[in-house]
2 protein chains.
Amino acid sequence: MPDDQTGKTVTDRTLQATDSTPVVQRPYADALSRLKQVGLRPTRQRMALAKLLFDGGDQHITAENLHGMARKAAVKVSLATVYNTLHQFTDSGLLREVVVGPGRSYFDTNTHDHHHFYVEPAGELVDIPVDSVELSRLPTPPDGTVMDRVDVIIRVTRP
Amino acid sequence: MPDDQTGKTVTDRTLQATDSTPVVQRPYADALSRLKQVGLRPTRQRMALAKLLFDGGDQHITAENLHGMARKAAVKVSLATVYNTLHQFTDSGLLREVVVGPGRSYFDTNTHDHHHFYVEPAGELVDIPVDSVELSRLPTPPDGTVMDRVDVIIRVTRP
DNA sequence: TCAACAGTTTAAAACAATTCTAAACTGGAA
DNA sequence: TTCCAGTTTAGAATTGTTTTAAACTGTTGA
Ligand SMILES: [Mn+2]
Ligand SMILES: [Mn+2]
Ligand SMILES: [Zn+2]
Ligand SMILES: [Zn+2]
């Protein structure tokens with residue numbers, strides 16, 4: 001049986017994640033299972049990016065930002081691949097894209113229904129728990145269209 | 001007394017707007033008064049752009065779009081000035097900027113409190129009257145920040 | 001086991017939207 | 001009129017993203 005990069009098998013790490021640091025564990029298994037889930041080949045680059053994205057808590061990240069994280073983690077991946085991957089992940093529901101400004105788009109690892117504060121001029125996104133916004137009464141979409149999703153962005157500043 | 005382009009004075013047209021085509025009238029006076037209101041010099045370019053923007057009903061327009069309208073109307077103005085002007089108008093409250101996608105930003109002549117449908121992939125913005133969305137319960141902004149405005153964008157598609 | 005091929009990655013160029021620069025111009029005060 | 005701060009402009013630069021076409025690699029099935 002051929003080794004992967006670490007020499008550890010997937011199932012090993014999956015089954016032993018019982019105690020300590022509960023938030024992040026089984027990074028390899030998690031990344032792999034996510035890719036399998038959506039039918040994307042687990043290539044070296046996608047695995048590495050998936051780990052960077054999904055290990056640890058939710059994050060709001062830009063393409064450049066993720067590319068920088070990859071460099072720091074000594075993962076060799078081109079910016080084009082970072083963009084490809086982010087879009088593939090978004091299209092398959094692993095990520096959500098949040099647009100806050102012209103030429104400023106974040107990818108959100110939290111795909112649950114929730115909204116955002118956008119802190120200017122810092123350019124920082126902060127989650128709003130879904131139950132702290134109540135959106136009663138929504139309008140009927142224009143004829144011939146169907147509602148895809150509702151984005152609420154609350155722009156805030158530091159005075 | 002020197003004529004303006006049309007040979008009509010401002011006050012003339014202001015006072016006679018009583019009947020017919022009620023939506024658009026006194027274009028010159030309107031543009032001028034808006035500029036005065038916010039303390040921007042009524043230059044040839046700003047006046048022309050103000051007319052294009054504020055004559056007629058509310059519109060959602062891009063910079064390129066407005067530049068194109070200016071060309072058609074035989075107004076000589078550079079794209080840089082169009083951008084400058086749109087931002088000055090936005091900063092002084094004459095316009096509102098609506099960001100719908102990375103690298104896609106619209107300027108809205110309707111500055112009242114209202115929301116938007118964004119029709120994809122056409123890239124078309126449609127107003128939602130404010131009273132057809134009810135946003136009960138808003139969250140408290142993060143510490144040290146103050147709420148600037150709430151944007152609701154409902155993304156819809158034609159299936 | 002390995003050839004074959006579809007899927008993937010990549011450097012580099014291209015692109016689109018926007019901003020910057022530095023020089024020319026102009027509205028309006030004095 | 002003169003003068004100057006404010007304005008406009010062509011063109012270059014920047015930013016974020018997409019495209020291209022060639023090289024590479026995971027997976028499959030002989
Ligand atoms: Mn996208
Ligand atoms: Mn702007
Ligand atoms: Zn989020
Ligand atoms: Zn609008």
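We name chains A, B, ... by the order of the sequence lines, and we start the count at 1 in each one. All of these numbers come straight from a predicted model, not from anything done at the bench.
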For Arg149(B) and Asp113(B), what are the C-alpha separation, side-chain angles and deciding distance, and is it a side-chain contact (heavy atoms from CB on, under 4.5 Å)? CA-CA 9 Å; Arg149(B) 92 176 191 225; Asp113(B) 194 8; over 6 Å; no
Looking at every strand, decide which applies to Ser105(A) at a 4.0 Å heavy-atom threshold: base, sugar-phosphate, or nothing. sugar-phosphate
Atom-pair distance (CD on Glu64(A); P on dG16(D)), nearest Å: 6 Å
Would you mind reporting whether Phe54(A) and Leu94(A) have side-chain heavy atoms less than 4.5 Å apart? yes
Those residues that, when tested against Gln37(A), pass side chain to side chain donor-acceptor pair (under 3.5 Å) (two or more places apart): none
Go through residues 69-81 of chain B and report each residue with a non-hydrogen atom lying under 4.0 Å from DNA chain D, sorted by number. Lys76(B), Val77(B), Ser78(B), Ala80(B), Thr81(B)
Of the options dT8(C), dT18(C), dT18(D), whose atoms approach the side-chain atoms of Ala63(B) most closely? dT18(C)
Rounded distance (Å) that lies between atom C1' of dG6(D) and atom CG of Asn84(B): 12 Å
Tyr83(B) or Gly39(A), whichever maps to the more 5' nucleotide of DNA chain C: Gly39(A)
Whichever hydrophobic residues join Val126(A) through chains of side-chain contacts under 4.5 Å: Phe117(A), Val119(A), Ile128(A), Val133(A), Leu135(A), Leu138(A), Met147(A), Val150(A), Val152(A), Ile154(A), Val156(A), Phe117(B), Val119(B), Val126(B), Ile128(B), Val133(B), Leu135(B), Leu138(B), Met147(B), Val150(B), Val152(B), Ile154(B), Val156(B)
Donor-acceptor contact present, side-chain Arg46(A) to main-chain Ala31(A), <3.5 Å: no
Nearest-angstrom distance from the residue atom CG of Asn65(A) to C1' of dT17(D): 16 Å
Value in whole Å for how far the P atom of dT8(D) lies from CE of Met47(B): 12 Å
Can you name the residues that form a side chain to side chain donor-acceptor pair (under 3.5 Å) with Ser105(B), not counting sequence neighbours? Glu97(B)
Rounded to whole Å, the NE2-C1' distance (His87(A) to dT9(C)) equals 17 Å
Could you write out each protein N or O paired with an N or O of nucleotides 27-30 of chain C at a distance under 3.5 Å?
{"residue": "dG27(C)", "atom": "O4'", "partner": "Arg41(B)", "partner atom": "NH1", "Å": "3.3"}

Assess whether side-chain contact (heavy atoms from CB on, under 4.5 Å) is satisfied between Ile153(A) and Val98(A), documenting all intermediate values. CA-CA 9 Å; Ile153(A) 296 186; Val98(A) 182; 4.3 Å; yes
Which residues pass the side chain to side chain contact (heavy atoms under 4.5 Å, CB included) test with Asp127(A), sequence neighbours left out? His60(A), Asp108(A), Asn110(A), His114(A), His116(A)
If I take atom CG in residue Asp91(A) and atom C1' in nucleotide dG7(C), what distance separates them, rounded to the nearest angstrom? 16 Å
Using a strict cut-off of less than 4.0 Å between a Lys/Arg side-chain nitrogen and an Asp/Glu carboxylate oxygen, indicate whether Asp151(A) and Arg96(A) qualify as a salt bridge. yes
Whole angstrom value for the distance that separates P of dA10(D) from NE2 of His67(B): 8 Å
Whole-Å distance between dA17(C) C1' and Ile61(B) CD1? 16 Å
